[in-house]
Amino acid sequence: MVATFKIAVLGAQGVGKSAIVRQFLYNEFSEVCVPTTARRVYLPAVVMNGHVHDLQIMDFPPITAFPPGLIPFCTLQEWADVCCRGLRSVHAYILVYDICCFDSFEYIKTIRQQILETRVIGTSETPIIIVGNKRDLQRGRVIPRWNVSNLVKKTWKCGYIECSAKYNWHILLLFSELLKSVGCARCKHVHTTIRFQGALRRNRCTIM
């Protein structure tokens, strides 16, 4: 078990990834969208099931080196960009998309593939969780939830959860699920998807 869990939060512009982080850390939400232009690092400690975990949450700006729609391939030089420093050595990835924006889903689809192709050797079990944000606007959903969930869990073998940063819905559940998956990453006999789903039980996560 690592002493500090490093988590990368990625997504296209305007999907609410920074809002998710701020809701988790400070229990606050702003209607004003401020674009993320540089990497932001947060160092909270959380208590889950009676155990203290130190986190390093890195909120990255959109990775402009490989925009949506391009062939999903990138070089190590692109990952080494100063805005993306530390991205390839984290213990877990949160890929956020807006359930009302098809392009934002295509973006994380590309990012996920690039992560698989470029991350550090020996981290093949690094958990990836796909997050559909803005559930409060679900009437404007562009892809049926079942379709996304089925693709992510059965084909991509990743965890999937939907949340609302605006109303703080499933935000704690998201990070509880993530911690559960990282904590079980060495359990080779348990599939990644099962590790994510296992966190949906009675795990409690509290910010210190």
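Numbering of residues begins at 1 and proceeds along the displayed sequence. Keep in mind that the numbers below use all heavy atoms, side chains included, and drop hydrogens, waters and symmetry copies. Since we're looking at a predicted model, the values are computed, not measured.
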Enter the distance from [X]:[atom1] to [Y]:[atom2] here, rounded to the nearest 0.5 Å.
X      : Y      : atom1 : atom2 : result
Ile161 : Arg135 : CD1   : CZ    : 10.5 Å
Ile108 : Tyr97  : CD1   : OH    : 7.0 Å
Tyr160 : Lys154 : OH    : NZ    : 15.0 Å
Ile57  : Phe175 : CD1   : CZ    : 4.5 Å
Gln23  : Tyr167 : CD    : OH    : 11.5 Å
Leu95  : Lys109 : CG    : NZ    : 13.5 Å

Shared hydrophobic cluster, Phe29 / Val9 (ILVMFWY, side-chain heavy atoms < 4.5 Å)
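Hydrophobic grouping puts Phe29 apart from Val9.
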If you group Ile, Leu, Val, Met, Phe, Trp and Tyr by side-chain heavy-atom gaps below 4.5 Å, do Trp169 and Leu137 land in one group?
no
Who are the salt bridge (charged side-chain N to carboxylate O under 4.0 Å, His left out) partners of Arg112, not counting sequence neighbours?
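Per chain and number, Arg112 pairs via salt bridge (charged side-chain N to carboxylate O under 4.0 Å, His left out) with no residue.
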Using the test salt bridge (charged side-chain N to carboxylate O under 4.0 Å, His left out), find all partners of Arg40 that sit at least two apart in sequence or belong to another chain.
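Testing Arg40 for salt bridge (charged side-chain N to carboxylate O under 4.0 Å, His left out), a comparison that skips the adjacent residues, returns none.
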Any side-chain heavy atom of [X] sitting closer than 4.5 Å to one from [Y]?
X     : Y      : value
Val34 : Ser18  : no
Glu31 : Lys166 : yes
Thr4  : Leu55  : no

Passes side-chain contact (heavy atoms from CB on, under 4.5 Å), Ile129 versus Tyr93? Steps please.
CA-CA 6 Å; Ile129 182 169; Tyr93 295 93; over 6 Å; no
Check this for me: does any side-chain nitrogen of one of Lys134 and Glu162 sit under 4.0 Å from a carboxylate oxygen of the other?
no
With a 4.0 Å cut-off, would you call Lys17 and Asp59 a salt bridge?
yes
Using only atom types and a distance under 3.5 Å, with no angle test, would you say the side chain of [X] pairs donor to acceptor with the backbone of [Y]?
X      : Y      : value
His91  : Phe5   : no
Ser104 : Cys101 : yes
Ser176 : Leu172 : yes
Asn133 : Ala165 : yes

Would you sort out whether Ile99 and Val142 count as a side-chain contact (heavy atoms from CB on, under 4.5 Å), showing the intermediate values?
CA-CA 6 Å; Ile99 66 171; Val142 294; over 6 Å; no
Hydrogens and angles aside, do Ser164 and Asp136 bring a side-chain donor and acceptor to less than 3.5 Å of each other?
yes
Of all heavy-atom pairs between [X] and [Y], which one has the smallest distance, and what is that distance?
X      : Y      : result
Gly159 : Val152 : O-CG1, 3.5 Å
Val131 : Cys163 : CG1-SG, 3.6 Å
Met58  : Val90  : CE-CG1, 3.2 Å
Pro62  : Ala12  : CG-C, 4.1 Å

Parallel, tilted or perpendicular: which one describes the rings of Tyr42 and Tyr26, with boundaries at 30° and 60°?
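It falls in the perpendicular class, over 60°.
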Given Val41 and Gln56, is the side-chain contact (heavy atoms from CB on, under 4.5 Å) satisfied, shown in steps?
CA-CA 7 Å; Val41 180; Gln56 183 181 89; 3.7 Å; yes
Report the C-alpha separation of Leu43 and Asp54 in whole Å, then their side-chain angles, then the decisive distance to 0.1 Å, and conclude whether the side-chain contact (heavy atoms from CB on, under 4.5 Å) test is met.
CA-CA 7 Å; Leu43 302 171; Asp54 292 321; over 6 Å; no
